[in-house]
**Q** 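So that we are looking at the same thing, I have put the structure below in structure tokens.
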Amino acid sequence: MNAMSQMPEPDYAASAIESSKSWIDIDYVGDGVTGHRLDILLPKNGNAPFPIIICVYGSAWFSNNLKGTTFTTGLGQRLLKEGFAVVSINYRSSFDAKFPAQIQDVKAAIRFIRANASKFSLNNHFIGITGWSSGGHLSALAGTTNTTKKDTINGMNVDIEGSLGKFTNESSQVNAVVDWFGPTDFLIMDQCGSSFKHDEARSPESSLIGGPIQSNKDKVALANPISYVNKNNPPFLIFHGDKDPLVPHCESEKLYEKLQLNGTKSELVIVPGGGHGPGVMIDKYYDKMISFFKTEMQKTGK
């Protein structure tokens, strides 16, 4: 018997996408770049205009075209089922451009959605964001830089907001963040117990900033969501498995500690036995994500 015959039958029913209307491959910048495309899917349940959740995939920042994985994880289906519009975005990879290009793409996507909400039956009074792994990093960074357009850290300037697309006058702020095991402080990942060598020159983190992380500590600080935490940050819900072999859970603990220190409403869920996705991105924690987003949505009064 070969290995293929031993594989379990896929659960096609569980992965089906139930949407009332969808738009695929919208160019949110207008430059024809693959990394600047997004999909919008509206739920069957609820009444328009629909609250918005921006979904940011994980790829170690190596892919510019994985927006479809929002639905291979089951996360997108749950959001749709609960009446949220799902906006799944691409962003440029570290092969395409170095940081801060990736967060500038996320900000441009949010501005596009806010400016064009009425065209897609979207309620731009509530925009949540969620992402996993490198997408968790970008989601967390979108939250901690909610009121930061440019900054200077250790003498280095960074343009977080960027000027991509036609809607630069729109706000890129989000109302709530759900971060699934996103990296934060790259410099401590190896010492925290990762099975993967993040300090190496070709690691995902080194590739993102354009050099070995331990030799470019100021650049690392610019990419660290913790660097921007302030009292104006939106509420955070963070999930991380305590057996994650790639992104050690100290990364989420450090972010949570800083959020708490600054008085930001935040919760950290450490999942016993949870890995880098397995055991973490499951219905039990999707339920908690939905409850969190609904609670924060009610605060907008829209």
Side-chain angles (χ1 to χ4, degrees), residues 35 56-64 66 91-107 131-145 148 150-162 177 179-230 233 236 238-259 261 268 270 275-277:
V56 191
Y57 60 79
S59 70
W61 308 280
F62 284 152
S63 177
N64 62 9
L66 283 181
Y91 55 90
R92 284 172 291 171
S93 73
S94 59
F95 299 117
D96 298 327
K98 301 308 178 186
F99 186 84
Q102 293 71 28
I103 189 60
Q104 291 177 353
D105 291 349
V106 173
K107 299 278 189 174
W132 59 98
S133 194
S134 58
H137 163 262
L138 292 172
S139 297
L141 190 57
T144 62
T145 62
T148 302
K150 296 181 179 181
D151 208 343
T152 301
I153 299 174
N154 299 331
M156 295 193 72
N157 298 324
V158 61
D159 182 359
I160 292 290
E161 187 74 24
V177 178
D179 166 15
W180 303 86
F181 46 89
T184 54
D185 185 351
F186 303 162
L187 299 177
I188 65 171
M189 294 179 80
D190 284 0
Q191 69 192 57
C192 277
S194 174
S195 66
F196 184 89
K197 296 299 181 184
H198 300 272
D199 287 348
E200 291 185 355
R202 294 186 178 181
S203 75
E205 295 75 24
S206 296
S207 299
L208 180 69
I209 66 161
I213 56 175
Q214 296 295 344
S215 301
N216 292 275
K217 294 182 178 180
D218 290 342
K219 287 185 177 180
V220 170
L222 297 181
N224 185 350
I226 299 171
S227 298
Y228 306 95
V229 170
N230 64 78
N233 291 162
F236 269 71
I238 308 167
F239 295 97
H240 214 127
D242 67 0
K243 301 299 182 185
D244 191 321
L246 301 179
V247 179
H249 58 86
C250 69
E251 295 291 285
S252 288
E253 290 169 344
K254 292 295 185 183
L255 172 59
Y256 174 69
E257 289 170 7
K258 189 65 177 292
L259 290 168
L261 190 64
L268 171 62
I270 297 295
H276 196 67

**Q** Taking atom OG of S252 and atom CH2 of W180, what is their separation to the nearest 0.5 Å?
**A**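 So the gap between those two atoms works out to 11.5 Å.
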**Q** State, with a plain yes or no, whether a side-chain heavy atom of F236 is found less than 4.5 Å away from one of T144.
**A**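 Side chain of F236 against side chain of T144, heavy atoms only: contact under 4.5 Å found.
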**Q** List in chain and number order the residues that pass ring pair (Phe, Tyr, Trp, His ring centres under 6.0 Å) with W132, two or more places apart in sequence or in another chain; answer none if no residue qualifies.
**A**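 Expected list: none.
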**Q** Does G135 offer a backbone N or O that forms a donor-acceptor pair with the side chain of S139 under 3.5 Å?
**A**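 It does hold such a pair.
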**Q** Checking T145 against K107 for the side chain to side chain donor-acceptor pair (under 3.5 Å) test, could you report, in this order, the C-alpha distance in whole Å, the side-chain angles of both residues, the deciding distance, and whether it holds?
**A** CA-CA 10 Å; T145 62; K107 299 278 189 174; 2.9 Å; yes
**Q** For a quick test of reading the model, state the closest non-hydrogen atom pair linking S134 to G58 and the distance between them.
**A**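 Answer, listing the atom of S134 first, then G58: OG-CA, 3.4 Å.
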**Q** Determine whether a donor-acceptor pair (N or O, by modelled atom type, separation under 3.5 Å) exists between the side chain of Q104 and the backbone of F99.
**A**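 Absent.
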**Q** Do F95 and F62 have ring centroids that are under 6.0 Å from one another?
**A**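 Yes; F95 has its ring centre under 6.0 Å from that of F62.
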**Q** Classify the ring geometry between H249 and H240 as parallel (under 30°), tilted (30 to 60°) or perpendicular (over 60°).
**A**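 Correct class here is perpendicular.
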**Q** Can you list everything that forms a ring pair (Phe, Tyr, Trp, His ring centres under 6.0 Å) with F196? Sequence neighbours excluded, please.
**A**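 F196 satisfies ring pair (Phe, Tyr, Trp, His ring centres under 6.0 Å) with H198 only.
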**Q** Name all residues meeting the salt bridge (charged side-chain N to carboxylate O under 4.0 Å, His left out) criterion together with D244; count only those two or more places apart in sequence or in a different chain, and write none if there are none.
**A**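 In terms of salt bridge (charged side-chain N to carboxylate O under 4.0 Å, His left out), with neighbours along the sequence ignored, D244 is linked to no residue.
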**Q** So, taking the atom named CD in E253 and the one named SG in C192, what distance separates them when rounded to the nearest 0.5 Å?
**A**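 If I round to the nearest 0.5 Å, the distance is 8.0 Å.
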**Q** Enter the distance from I238:CD1 to L255:CG here, rounded to the nearest 0.5 Å.
**A**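 Here the interatomic distance stands at 4.0 Å.
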**Q** What residue among P204, S207, S59, S63 forms side chain to side chain contact (heavy atoms under 4.5 Å, CB included) with S94?
**A**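 For S94, the side chain to side chain contact (heavy atoms under 4.5 Å, CB included) check succeeds only for S207.
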**Q** For Y57, what residues pass the ring pair (Phe, Tyr, Trp, His ring centres under 6.0 Å) criterion, not counting sequence neighbours?
**A**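 Y57 satisfies ring pair (Phe, Tyr, Trp, His ring centres under 6.0 Å) with Y91 only.
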**Q** Say you draw a straight line from CE of M156 to CG of D151; how long is it, rounded to the nearest 0.5 Å?
**A**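 The CG atom of D151 is 12.5 Å from CE of M156, to the nearest 0.5 Å.
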**Q** In Å, rounded to the nearest 0.5 Å, how long is the span from CG of D190 to CD of E205?
**A**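 If I round to the nearest 0.5 Å, the distance is 8.5 Å.
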**Q** Should we say atom NZ of K98 is surrounded by more than 12 heavy atoms from elsewhere, each under 6.0 Å from it?
**A**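 It does: K98 NZ has more than 12 such atoms within range.
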**Q** Measure the shortest side-chain to side-chain distance between K150 and I160 over non-hydrogen atoms and say whether it is less than 4.5 angstrom.
**A**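 Sidechains of I160 and K150: no contact.
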**Q** List the atom pairs, donor and acceptor, that lie under 3.5 Å between side-chain atoms in residues 218-225 and the rest of the protein, sequence neighbours left out.
**A**
{"residue": "D218", "atom": "OD1", "partner": "N154", "partner atom": "ND2", "Å": "3.2"}
{"residue": "N224", "atom": "OD1", "partner": "I226", "partner atom": "N", "Å": "2.9"}

**Q** How would you list, by chain and number, every residue that makes a side chain to side chain contact (heavy atoms under 4.5 Å, CB included) with S215, sequence neighbours excluded?
**A**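 Checked S215 against side chain to side chain contact (heavy atoms under 4.5 Å, CB included); matches are P212.
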**Q** Test your reading of the model: is there a side-chain donor-acceptor pair from S93 to the backbone of N64, 3.5 Å cut-off?
**A**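 Not confirmed, S93 side chain does not pair with N64 backbone.
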**Q** Do Y256 and I270 make a side-chain contact, defined as non-hydrogen atoms from C-beta onward lying under 4.5 Å apart?
**A**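 No, their side chains stay 4.5 Å or more apart.
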**Q** Provide the closest heavy-atom pair for P248 versus L246 in the form atom of the first, atom of the second, distance.
**A**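 Of all heavy-atom pairs spanning P248 and L246, the closest is CD-O, 3.7 Å.
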**Q** Would you mind reporting whether N157 and D159 have side-chain heavy atoms less than 4.5 Å apart?
**A**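 A side-chain contact under 4.5 Å is absent here.
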**Q** Check whether any side-chain heavy atom of K254 lies under 4.5 Å from a side-chain heavy atom of D185, and answer yes or no.
**A**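 With C-beta onward as the side chain, the pair stays apart.
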**Q** Does the side chain of E200 reach to within under 4.5 Å of the side chain of S206, using non-hydrogen atoms?
**A**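 Result no, sub-4.5 Å side-chain heavy-atom pair not found.
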**Q** For residues G143 and V177, report the shortest heavy-atom separation together with the two atoms involved.
**A**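 Looking at all heavy atoms of both residues, the closest pair is CA-CG2, 3.7 Å.
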**Q** Shortest non-hydrogen contact from C250 to I188?
**A**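 Taking every non-hydrogen atom into account, SG-CD1, 4.1 Å.
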